Protein chains: 2
Amino acid sequence: MSTSPTRALDHPEREEIRLEAVLHALSDPMRLQVVRFLAELGEGEGAACSAIELAISKSTTTHHFRVLREAGVISQVYQGTAKMNALRRGDLDALFPGLLESVLSADAAQRQRA
Amino acid sequence: MSTSPTRALDHPEREEIRLEAVLHALSDPMRLQVVRFLAELGEGEGAACSAIELAISKSTTTHHFRVLREAGVISQVYQGTAKMNALRRGDLDALFPGLLESVLSADAAQRQRA
DNA sequence: GTCCTAATACGATAAACATCGTAGTACGGC
DNA sequence: GCCGTACTACGATGTTTATCGTATTAGGAC
């Protein structure tokens, strides 16, 4: 019984992305770490979930990736057994110009102070 | 028994303000509404809690104001029976340049689309 | 002093969240 | 077909959150 040919994941459309959800998604240290990691990749590039070392269990990691995806912060597509993740920079910048950048640089600033 | 002469409220010092806490504080629609309201006042100006019409009970309002204060987003000082609230623009801008502005304009943009 | 207004504190409750471990599915290689 | 890797789904648990109503405190006006 095939559940789906190339299993599709639900992403909010650009217009459906809510600022509150994005801010909430970014307000967790683990998720912020994921976003920082993805932001350091080239434009449009992605990384598998397993490429990021988080100090939490596998299932919790899955949970955080889902929160990010459902908030519209990242996109996820299956590629074989891996799931590639990428920042939805274009959509976020179009909806909320400068927001992602200032969160990332705020994070960098805070991180540097510590 | 006086609890305090001019009751003082606990605010985080500038250096103690955490990005995650700020983002979390801003990720609630009610609190975002408060911040938007305060942002529309002049620099350094404040407003009493009661000056803002929220569709929630008094005690819940108190709760949200406290979350904002403890995150370092607003300052609160007693002034007679009222409690004056003001955005901590200076501190936020110093720590996270551009963050508050982009959140506010993201909120304005989203609000305009609706 | 009494009274009114502004805001809080105190429970209480129901929902959401972060976390985990285990069991399971999907894909690719052999 | 079998096996390993990558990720998920499920169920559980403890914590935090948003919400409320009621009782209370603090200050100002009288």
Side-chain angles (χ1 to χ4, degrees), chain A residues 1-11 18 20-35 37-38 46-71 73-86, chain B residues 1-11 18 20-35 37-38 46-71 73-86:
Chain A
M1 187 81 53
S2 65
T3 44
S4 63
T6 316
R7 290 156 297 163
L9 293 160
D10 240 34
H11 294 74
R18 301 285 309 164
E20 299 88 334
V22 170
L23 294 176
H24 175 246
L26 297 176
S27 73
D28 179 278
M30 293 299 169
R31 293 194 291 259
L32 203 47
Q33 189 176 340
V34 170
V35 169
F37 180 91
L38 293 177
C49 294
S50 51
I52 307 164
E53 287 284 318
L54 293 177
I56 49 176
S57 80
K58 222 74 209 329
S59 35
T60 306
T61 302
T62 298
H63 160 71
H64 285 308
F65 272 100
R66 171 151 43 162
V67 172
L68 286 169
R69 171 170 50 83
E70 291 181 343
V73 177
I74 66 170
S75 63
Q76 302 189 291
V77 287
Y78 280 103
Q79 203 154 302
T81 122
K83 186 149 82 171
M84 299 306 282
N85 305 278
Chain B
M1 186 83 53
S2 65
T3 45
S4 62
T6 316
R7 292 156 296 162
L9 293 159
D10 238 35
H11 293 76
R18 300 284 311 163
E20 298 89 332
V22 171
L23 293 176
H24 175 245
L26 297 176
S27 73
D28 180 278
M30 294 298 170
R31 292 194 290 260
L32 203 47
Q33 189 177 340
V34 170
V35 170
F37 180 91
L38 293 178
C49 293
S50 52
I52 306 164
E53 287 283 321
L54 293 177
I56 49 176
S57 80
K58 222 73 208 328
S59 37
T60 306
T61 302
T62 299
H63 159 71
H64 285 308
F65 272 99
R66 170 151 43 161
V67 172
L68 286 169
R69 171 170 50 83
E70 291 182 343
V73 177
I74 66 171
S75 63
Q76 302 189 288
V77 287
Y78 281 102
Q79 202 154 305
T81 122
K83 185 150 82 172
M84 299 305 281
N85 304 278

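These numbers were taken from a predicted model, which means no experiment stands behind them. Below, read A as the first sequence line, B as the second, and so on, with proteins coming before strands; counting in each chain starts at 1.
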Protein-nucleotide distance ([X], atom [atom1]; [N], atom [atom2]), rounded to Å:
X: A:Arg66; N: D:dA6; atom1: CZ; atom2: P; answer: 20 Å
X: B:Leu26; N: D:dA18; atom1: CG; atom2: C1'; answer: 17 Å
X: B:Leu68; N: D:dT17; atom1: CG; atom2: C1'; answer: 14 Å
X: B:Phe65; N: D:dA18; atom1: CZ; atom2: C1'; answer: 16 Å
X: B:Arg69; N: C:dA7; atom1: CZ; atom2: C1'; answer: 12 Å
X: A:Tyr78; N: C:dG28; atom1: OH; atom2: C1'; answer: 15 Å
X: A:Met84; N: D:dA6; atom1: CE; atom2: C1'; answer: 12 Å
X: B:Leu9; N: C:dA7; atom1: CG; atom2: C1'; answer: 11 Å

Item to complete: Please report the shortest heavy-atom distance between A:Ala48 and A:Asn85, naming the atom on each side.
Response: C-ND2, 3.7 Å
Item to complete: Determine, for nucleotides 17-22 of chain C in 5'-to-3' order, which nucleotides have protein heavy atoms under 4.0 Å from the base (write B), from only the sugar-phosphate (write S), or from neither (write -).
Response: SSBBB-
Practice prompt. Indicate yes or no: at least one non-hydrogen side-chain atom of A:Phe65 is less than 4.5 angstrom from one of A:Leu9.
Written response: no
Fill in: Heavy-atom check, side chain of B:Asp28 versus side chain of B:His64, under 4.5 Å
yes
Item to complete: Begin from the C-alpha positions of B:Arg31 and B:His24 and carry the test side-chain contact (heavy atoms from CB on, under 4.5 Å) through to its verdict.
Response: CA-CA 10 Å; B:Arg31 292 194 290 260; B:His24 175 245; 4.0 Å; yes
Item to complete: Please tell me which of B:Thr81 and A:Thr62 maps to the more 5' nucleotide of DNA chain D, matching each residue to the nucleotide holding its nearest heavy atom.
Response: A:Thr62
Practice prompt. Mind checking salt bridge (charged side-chain N to carboxylate O under 4.0 Å, His left out) for A:Glu20 and listing every partner two or more places apart, or none if nothing turns up?
Written response: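 A:Arg18.
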Discussion item. For the CD1 atom of B:Ile52 and the CG atom of B:Leu38, what is their distance to the nearest 0.5 Å?
Written reply: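 These two atoms lie 5.0 Å from each other.
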